[in-house]
Amino acid sequence: MMTLSQGKVGDKFFLKDIIEKKLDTRLLSLGVCRGDICKIENIANGNILIKTVETKIVLSENLAEKVEIEVVE
């Protein structure tokens, strides 16, 4: 299993699991949930910018460690 922090800029990924329940709830309130397909837009200064169909979200590398992904083509 791969975490979001292991991804690279430009990767499209399938959101497999969110390990921490609080983070799961926060992301769900922003419209992001398991099963969504997202793209890594940028990685800089310890933060990861991801783009979903509806929004863009910045996660710290610490939080990105708690998001399991599967890269898709």
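What you see is a predicted model; the values in this text were computed from it and never measured.
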Novice: Please tell me whether S5 and E61 have a donor and an acceptor in their side chains that are separated by less than 3.5 angstrom.
Specialist: no
Novice: Examine V71 and L49 and state if one hydrophobic cluster contains both, with Ile, Leu, Val, Met, Phe, Trp and Tyr joined whenever side-chain heavy atoms are less than 4.5 Å apart.
Specialist: no
Novice: With hydrophobic residues grouped by side-chain heavy-atom distances under 4.5 Å, do I50 and L28 end up in a single group?
Specialist: no
Novice: Taking salt bridge (charged side-chain N to carboxylate O under 4.0 Å, His left out) as the test, write out the residues that go with D17, two or more places apart.
Specialist: R34
Novice: Identify the two heavy atoms, one from C38 and one from T52, that lie closest to each other, and give their separation to 0.1 Å.
Specialist: SG-CG2, 3.6 Å
Novice: I need the L4 CG to L15 CG distance, nearest 0.5 Å.
Specialist: 8.0 Å
Novice: If you compare all heavy atoms of G7 against all heavy atoms of I43, which two are closest, and at what distance to 0.1 Å?
Specialist: O-CD1, 3.6 Å
Novice: Do I19 and E68 touch side chain to side chain, with heavy atoms closer than 4.5 Å?
Specialist: yes
Novice: Does any part of the side chain of L27, heavy atoms only, come nearer than 4.5 Å to the side chain of L59, both counted from C-beta?
Specialist: yes
Novice: Distance from E41 atom CD to K51 atom NZ, nearest 0.5 Å?
Specialist: 5.5 Å
Novice: Report the distance from atom CZ of R26 to atom CD1 of I18, rounding to the nearest 0.5 Å.
Specialist: 11.0 Å
Novice: Under 4.5 Å between side-chain heavy atoms, hopping through other hydrophobics if needed: is there a path connecting V9 to I69?
Specialist: yes
Novice: Should I57 and F13 be regarded as members of a common hydrophobic cluster, given that ILVMFWY residues are connected when their side-chain heavy atoms come within less than 4.5 Å of each other, either directly or indirectly?
Specialist: yes
Novice: Looking at NZ of K22 and NZ of K66, how far apart are the two atoms once the value is rounded to the nearest 0.5 Å?
Specialist: 10.0 Å
Novice: Give a yes or no answer on whether the side chain of Q6 reaches the backbone of T3 with a donor-acceptor pair at less than 3.5 Å.
Specialist: yes
Novice: How about V53 and I37: do any of their side-chain heavy atoms sit closer than 4.5 Å?
Specialist: no
Novice: Hydrophobic clustering (ILVMFWY, side-chain heavy atoms < 4.5 Å, transitive) - are L23 and V58 grouped together?
Specialist: no
